[in-house]
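Here is the structure we will look at.
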Number of protein chains: 2
Amino acid sequence: MDTSKICPKFEKAMSILSKRWTGLVIYQLMEGPQRFCTIESSVGISGRLLSDRLKHLENEGIVKREVFPETPVRIEYSLTEKGKDMEPLMKELESWSGEWIKEEETVEN
Amino acid sequence: MDTSKICPKFEKAMSILSKRWTGLVIYQLMEGPQRFCTIESSVGISGRLLSDRLKHLENEGIVKREVFPETPVRIEYSLTEKGKDMEPLMKELESWSGEWIKEEETVEN
DNA sequence: TACACTTACTTACGAAAAGTAACTTAATAA
DNA sequence: TTATTAAGTTACTTTTCGTAAGTAAGTGTA
């Protein structure tokens, strides 16, 4: 039997994307720096999980968190270079989904 | 507040990839048609989940299941056109992981 | 002064999904 | 007869998710 394994770096990369919501959060941040509530409403994730995912992505060095001490305080999340460098990947997924996903397969329907 | 939503087709595509193991199973099948136990050992997934994921991927039209009535029976899983068309995406993830994931971030370590 | 409102979270808890291990079915091999 | 292999399935425990409510810090309104 073939016991060759998948490249561990690829495996790690895929494990980031294959955690629910993380891919969409990264994709949403491609639009530019955004605050918590904006991501929450456009991605459709709950605060509890968004909080968790943003912490993970910060630890992975994909997302940066910045506090602006205005009143009320503004906190912005943005992509680091590592995160921005996922853009070609996101473009590929965009074009794949455009070609292969039908309207009626969509979650809305 | 910005309430614009993410493209539903993209969302659906990401939901396929963001289910644990599916991305790795697809990636593994890029190597060519393979049987259950080969995928199981190279991806490192349990039979219970592999069985589930292959069924899902078949329903999505990404994977094809073929039975060869030899003795013992041989069952091969392979990618459909829809599945094969994810190759550019996988290549992008490969190159991103090659550039940004360090050895020590890997699951093995 | 008291009360409501907003942002960015956190806590609590029931439900769903994942992980592990043992079991099954069918056929051949020792 | 017993063992082995492939391709799963079942049973059970642990982890993760989803929903809703709560919190802290500051502002605005009555």
Side-chain angles (χ1 to χ4, degrees), chain A residues 1-6 11-12 14-26 28-29 32-60 63-78 107-108, chain B residues 1-3 5-6 11-12 14-26 28-29 31-60 63-78 107-108:
Chain A
M1 187 197 300
D2 183 356
T3 52
S4 68
K5 293 281 166 62
I6 288 169
E11 225 180 305
K12 167 72 181 179
M14 188 61 92
S15 82
I16 294 168
L17 243 38
S18 74
K19 212 161 166 57
R20 197 167 182 187
W21 302 113
T22 40
L24 290 177
V25 169
I26 294 168
Q28 178 62 30
L29 286 174
Q34 281 162 73
R35 30 205 327 192
F36 193 93
C37 62
T38 308
I39 304 171
E40 191 174 4
S41 71
S42 50
V43 170
I45 185 180
S46 72
R48 178 190 164 301
L49 289 182
L50 180 54
S51 175
D52 178 88
R53 293 306 186 267
L54 287 170
K55 271 176 205 155
H56 272 142
L57 288 170
E58 240 192 298
N59 287 338
E60 297 287 356
V63 161
K64 189 176 49 180
R65 180 182 193 268
E66 273 183 294
V67 181
F68 298 88
E70 307 166 355
T71 58
V73 66
R74 181 165 54 98
I75 294 168
E76 274 193 357
Y77 295 90
S78 57
V107 193
E108 270 72 11
Chain B
M1 186 197 299
D2 183 358
T3 52
K5 292 284 168 60
I6 288 168
E11 228 180 301
K12 166 74 181 178
M14 188 62 91
S15 83
I16 294 169
L17 243 38
S18 73
K19 212 163 166 56
R20 197 168 182 187
W21 302 112
T22 39
L24 289 178
V25 169
I26 294 168
Q28 179 62 31
L29 286 173
E31 303 284 308
Q34 282 162 71
R35 29 206 328 191
F36 194 92
C37 61
T38 308
I39 305 171
E40 191 174 5
S41 70
S42 50
V43 170
I45 186 181
S46 73
R48 178 191 163 301
L49 289 183
L50 180 54
S51 175
D52 178 88
R53 292 308 186 267
L54 287 170
K55 271 175 205 156
H56 272 142
L57 288 170
E58 239 192 300
N59 287 338
E60 297 288 355
V63 161
K64 189 176 49 182
R65 180 183 193 268
E66 273 184 295
V67 180
F68 298 87
E70 308 166 353
T71 57
V73 66
R74 180 164 54 97
I75 294 169
E76 273 192 358
Y77 294 91
S78 57
V107 192
E108 270 71 13

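This structure is a prediction, so every number in the text was calculated from the model and none was measured. So that the names make sense, note that chain A is the first sequence line, chain B the second, and so on, each numbered from 1.
- Taking the salt bridge (Lys or Arg N to Asp or Glu O under 4.0 Å) definition, one finds that B:Glu40 meets it with nothing, sequence neighbours left out.
- Contact check, A:Arg65 against C:dA8: no side-chain N or O comes under 4.0 Å of OP1 or OP2.
- With rounding to whole Å, A:Glu76 atom CD is found 13 Å from C:dT7 atom C1'.
- Remark: the backbone N or O of A:Gln28 is paired with a side-chain donor or acceptor of A:Gln34 at under 3.5 angstrom.
- Nearest-nucleotide mapping onto DNA chain C: of A:Val73 and B:Ser46, the residue sitting toward the 5' end is A:Val73.
- Distances shorter than 4.0 Å separate some side-chain N or O of A:Arg53 from OP1 or OP2 on D:dC17.
- Separating the CD1 atom of A:Ile45 from the P atom of D:dT19 is a distance of 11 Å, rounded to the nearest angstrom.
- The side chain to side chain donor-acceptor pair (under 3.5 Å) search around B:Arg20 returns none, not counting sequence neighbours.
- A straight line from CD of B:Glu70 to P of C:dA29 spans 13 Å, rounded to a whole angstrom.
- The side chain of B:Trp21 contributes no N or O atom lying less than 4.0 Å from OP1 or OP2 of C:dA17.
- The side chain to side chain donor-acceptor pair (under 3.5 Å) search around A:Glu66 returns none, not counting sequence neighbours.
- When the side chain to side chain donor-acceptor pair (under 3.5 Å) test is applied to B:Glu58, no partner is found at least two apart in sequence or on another chain.
- Listed by chain and residue number, A:Glu70, A:Glu76 satisfy the salt bridge (Lys or Arg N to Asp or Glu O under 4.0 Å) test with A:Arg74 (two or more places apart in sequence, or in another chain).
- Across the protein-nucleic acid pair, B:Arg20 atom CZ and D:dT16 atom C1' stand 10 Å apart, rounded to whole Å.
- The phosphate of D:dA7 (OP1 or OP2) has no side-chain N or O of B:Arg74 nearer than 4.0 angstrom.
- Here C:dA8 is the nucleotide among C:dA17, C:dA8, D:dC17 with the atom lying nearest to any side-chain atom of A:Arg35.
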Interface polar pairs with nucleotides 10-13 of chain C, N/O, under 3.5 angstrom:
{"from": "C:dT10", "atom 1": "OP1", "to": "A:Lys55", "atom 2": "NZ", "distance (Å)": "3.2"}
{"from": "C:dT10", "atom 1": "OP2", "to": "A:Ser51", "atom 2": "OG", "distance (Å)": "2.6"}
{"from": "C:dT10", "atom 1": "OP2", "to": "A:Lys55", "atom 2": "NZ", "distance (Å)": "2.9"}
{"from": "C:dA12", "atom 1": "N6", "to": "A:Arg48", "atom 2": "NE", "distance (Å)": "3.1"}

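- Backbone-only contact: B:Tyr77 has heavy atoms under 4.0 Å from sugar-phosphate atoms and none from a base.
- The CG-C1' distance, from A:Leu50 to D:dG18, rounds to 14 Å in whole Å.
- Distance CD (A:Glu40) to P (C:dC9): 10 Å, rounded to an integer number of Å.
- Nearest approach of A:Leu29 to A:Tyr77, heavy atoms of both residues: CD2-O, 3.4 Å.
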